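These numbers were taken from a predicted model, which means no experiment stands behind them. In what follows, chains carry the letters A, B, and so on, assigned in the order in which the sequence lines appear, proteins first and then strands, with residues in each chain numbered from 1.
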Amino acid sequence: MSLSTINLFTNVKRQLNYKLKANAGILFSLVAVQLLAALLSYNGTVSIGWGSGTSFISLRLVSGDIIIIFSLIWAFTAGLIVAANSQRYDFVFVTNRLSSNLSSVAVLFILSVGGGVSATLCGILLRVYLLLNNNSISSTYLSPYILLIGICSAVLYSLLFSAIGYFLGILSQRNKAYAVLLPALFFGLLFVEARSVGSTRHILSVIYFFIKESSLLIFALKILLAVALLYSAVILIANRMEVRQ
Amino acid sequence: MTSILFILVLIAAGYFLVSRIKIRLSHTRVYIGIYMLLLMFAVAAFYYLGKTGSSLALENSEARESEFHRFLETGRVEHLKGIRKLGQWSFTYRGKELALKSTKDYFWTVVAIERKNASDETIEVISYTTGMQLKDADNPPGVKLKDGQLQLTNPPPVEIDLYATVADFTMTQFNAEKSVYNVDHSLAQNILGNQVLLVRIPAQLQLTVDETVSVIEQK
Amino acid sequence: MQSVECNNLTKRYGSVYAVNDLSFSIAENSITGLIGRNGAGKTTLLKMLAGFSLPTSGTVNIFGQNPFNNLLVSANLIFIDDEMVLPENMNLGEILKAAATFYENWQAGLASGLLDYFSLDLCSYYPQLSKGMKSTFNMILGIAARCPITIFDEPTVGMDAAVRKDFYRALLKDYLQQPRTIILSSHLLGEIEDLLDNILLIDAGEKRLHLPMDELRSYAVGLSGNFKLLNELVKKEDIIFQQQLGKDKIYLVVRNRNIDFSAAKLKGLEISPVAANDLCVYLTAKHKGGIDDVFKHN
């Protein structure tokens, strides 16, 4: 019987197709997460009151921030789940570690685009609902250009969060202890750094590296660089990993 | 610390939610499709509605207030841009004298008196406001004619719930225009605006005004 | 040509040798039975062949290549076991369609025919299936993929006798239509005996036998009769198994090399063939006397 020859990218394409279907539930949960976040956003993030003799005015500021933050947490968990699923589902059919990881990256890329775009648009849905049903004073007008900037940056953030999730997911496949140790280390350090003033702030400076960047282009480069580093590390780590144990 | 814990709980809950949701592939396609349509529709609606949105609240309140007073003093208040009628009353009155009185301690709204040229035995009262048109916030004062008295009652106190939508952090990070809303006197003034009760009386009517009402005579 | 070649293959977990210094090769287009008791190292061996895990030492070659992390090997080898995880949100039809995209030789008609025959509904979901039905579905994947190397690790777990029989028949029929290298692991030889070309018997991670089936059938012979007479006859032979039958009577399974059968018959000893399945059990037993040994010492 003659052997089938196989090209890496053909196989990545096949796996992408399969894994998008196998992980479709993640996309569904995105809808649930965003609608829940929209509901929580409805009461506004900041509420200020002002009263005079006969009137009382309360102003709630509403934005899509909660929706986006929830969507980023979703992106992180999507990374974890795609990592776990790729170990479970991929090695049933044709794959090697590289094509498994490349197809996961492609899946997470698509999920991040979906997450970032829908998170921003869900914020628009919330605004429309408020406009139609409530006393809305001058809403900050979002020009299509600003909307596009919002979408791009939400997609970029999602890419980063899903890559971190995937990295942790694969690492914890290697050793379960990582799943607990790394988040604990991260949040522990963050907590310590946030409290102490003047000492070196590694974690905070990493966070500021992204959130203080005001040029979208440089921000995109930073995110893509970080994502590339995370995925390269994953591919290196996974290359000698045993599967289906 | 609590916020870190909150985030951890969110991640755990999120992981639980995302990994537990088991939904058939064929159903997923339908739900995602509906959601996408909804979002597309929202964007279309947003830009359709966006053009009608007013930015009145953010204009300079002092300029608007002084403009209101200028118009008021020159007797052209009904021609002020953006002024709205809240209510209108008309009474037939054959008496020679009329007393203007507040039913409570003090009537907050300025009353502008305008003498008509004719003696047509009709009193017209119109309530105007320059405040924003908001749901459940338009409360005209009470006006009643009884025993030779025009009795004025303050409108019931209003509670106005306002929303201002601001840009997401993903937008403001790359866009210098950070919108900050402060609820201060200026904003409140713009929202509530100025009110005036225009009272048109026949030329010969003798008017006595109580100290509980402040009155401007129109020239 | 050899499809599978292992040289001094060893896999160690901590201090336990799951596979120990195993060397063998499997010819192309043959059905090999990998027989061993529970914990003999069958699954460990097969996972190294499939490239899922790495040997501690030694080499595995599949089509002359190292299977670990090898896309070419993966495209030409399918590994079916009862721990396969398939997406929970896709129905069987959708899974079959996905599988079809991965394998060049996929037989869609055969897959749906088998699914129909075993009354599996295309619209049902994998987690809802019983253990036996899962095994049946896995088996259908394995057969329909028509990979040059097809590995079944304990494929019949949970299947009832009728389905097991049908499965082996389906496997044989498809093998005859499209010969390929099939490795079938089982702790029992009995049911698959007629299917196999070769048998690879392993015990405690080590190779005990690797023979064509017909050689296995004449590998050993059973002798029974008087204890003293028998002992004299088989002095120089390998005794594989012995069992006390009566006061003076004993049953021995002896390696069939140069036993003088005519002398045995003259002495009134009974000579009988040994069933292949029994032989495998005897060969992998820890004690020559089997379970009887336990009672002898107490």
Side-chain angles (χ1 to χ4, degrees), chain A residues 21 24-29 31-33 44 48-50 52-65 68 73-74 76-78 80-81 118 120-125 127-128 130-131 134-142 146 149-150 153-154 157 187 190-191 211 214-216 219, chain B residues 1 4 7-8 10-11 14-15 17-19 21-23 25 28-29 31-32 35-36 38-39 42-43 45-47 49-50 53-58 108 132 134-135 137 154-155 157-171 173-175 179 181-184 187-188 191-192:
Chain A
K21 288 179 192 153
I26 300 179
L27 208 53
F28 176 78
S29 64
V31 179
V33 164
I48 319 160
W50 185 88
S52 78
T54 55
S55 346
F56 183 82
I57 299 172
S58 71
L59 174 67
R60 300 167 203 269
L61 298 184
V62 178
S63 71
D65 287 0
I68 293 171
I73 292 173
W74 166 85
F76 176 78
T77 55
L80 287 178
I81 289 164
S118 59
T120 310
L121 297 190
C122 186
I124 298 293
L125 180 68
R127 286 172 173 89
V128 169
L130 284 170
L131 272 174
N134 287 281
N135 291 325
S136 166
I137 60 162
S138 166
S139 298
T140 304
Y141 179 70
L142 302 176
I146 303 249
I149 285 180
S153 87
Y157 272 119
F187 284 107
L190 185 65
F191 180 57
I211 64 170
S214 59
S215 153
L216 185 59
F219 178 74
Chain B
M1 189 61 193
I4 289 172
I7 288 172
L8 280 176
L10 273 185
I11 289 173
Y15 187 81
L17 181 73
V18 177
S19 59
I21 288 184
K22 305 283 177 239
I23 181 152
L25 179 62
T28 313
R29 290 196 180 110
Y31 289 125
I32 300 294
Y35 188 57
M36 274 165 61
L38 182 68
L39 293 182
V43 173
F46 180 74
Y47 284 109
L49 292 170
S54 94
S55 58
L56 192 70
L58 297 180
W108 294 98
M132 282 179 66
L134 298 171
K135 243 188 197 169
N154 282 318
V158 286
E159 270 186 49
I160 303 173
D161 273 326
L162 288 177
Y163 288 86
T165 55
V166 294
D168 303 337
F169 72 92
T170 44
M171 298 164 182
Q173 183 177 348
F174 306 103
N175 189 35
S179 40
Y181 290 95
N182 288 315
V183 184
D184 53 8
L187 181 79
I191 290 162
L192 295 174

>> Between B:F46 and A:L142, is the side chain to side chain contact (heavy atoms under 4.5 Å, CB included) condition met? List the steps.
In response: CA-CA 9 Å; B:F46 180 74; A:L142 302 176; 4.1 Å; yes
>> Would the distance check show the side chain of A:R60 and the main-chain N or O of B:T165 forming a donor-acceptor pair, the cut-off being under 3.5 Å?
In response: no
> Going from CD1 on A:I26 to OG1 on B:T28, what distance comes out if it is rounded to the nearest 0.5 angstrom?
Replying inline: 11.0 Å
>> If we define contacts as heavy-atom pairs under 4.5 Å, which of A:L80, A:T120, A:I124 has the most with chain B?
In response: A:I124
>> Quick check on A:I73 against chain B: is it the side chain, the backbone, both or neither that has a heavy atom closer than 4.5 Å?
In response: side chain
> What distance do A:F219 atom CZ and B:T170 atom OG1 have between them, rounded to the nearest 0.5 Å?
Replying inline: 9.0 Å
>> Go through it in stages, so that I can follow the logic: the residues are A:Y157 and B:Q173, the test is side chain to side chain contact (heavy atoms under 4.5 Å, CB included), and I'd like the CA-CA distance, side-chain angles, deciding distance and then a yes or no.
In response: CA-CA 12 Å; A:Y157 272 119; B:Q173 183 177 348; 2.7 Å; yes
> Shortest non-hydrogen contact from A:V128 to B:A42?
Replying inline: CG2-O, 3.3 Å
>> Which atoms of B:F169 are under 4.5 Å from chain A, going by heavy atoms: the side chain, the backbone, both sets, or neither?
In response: both
> So A:S153 and B:F174, side chain to side chain contact (heavy atoms under 4.5 Å, CB included) or not? Walk me through it.
Replying inline: CA-CA 9 Å; A:S153 87; B:F174 306 103; 3.2 Å; yes
> Which distance, rounded to the nearest 0.5 Å, do you find between the CG of A:L125 and the OH of B:Y35?
Replying inline: 7.0 Å
> Which distance, rounded to the nearest 0.5 Å, do you find between the CG of B:D168 and the CD1 of A:I68?
Replying inline: 3.5 Å
> A:S63 and B:A167: which non-hydrogen atoms are nearest, and at how many Å?
Replying inline: CB-O, 4.0 Å
> Between A:S118 and chain B, which part of the residue has a heavy atom less than 4.5 Å away: side chain, backbone, both or neither?
Replying inline: both
> Nearest 0.5 Å, what's the CD1-CE distance between A:I149 and B:M171?
Replying inline: 9.0 Å
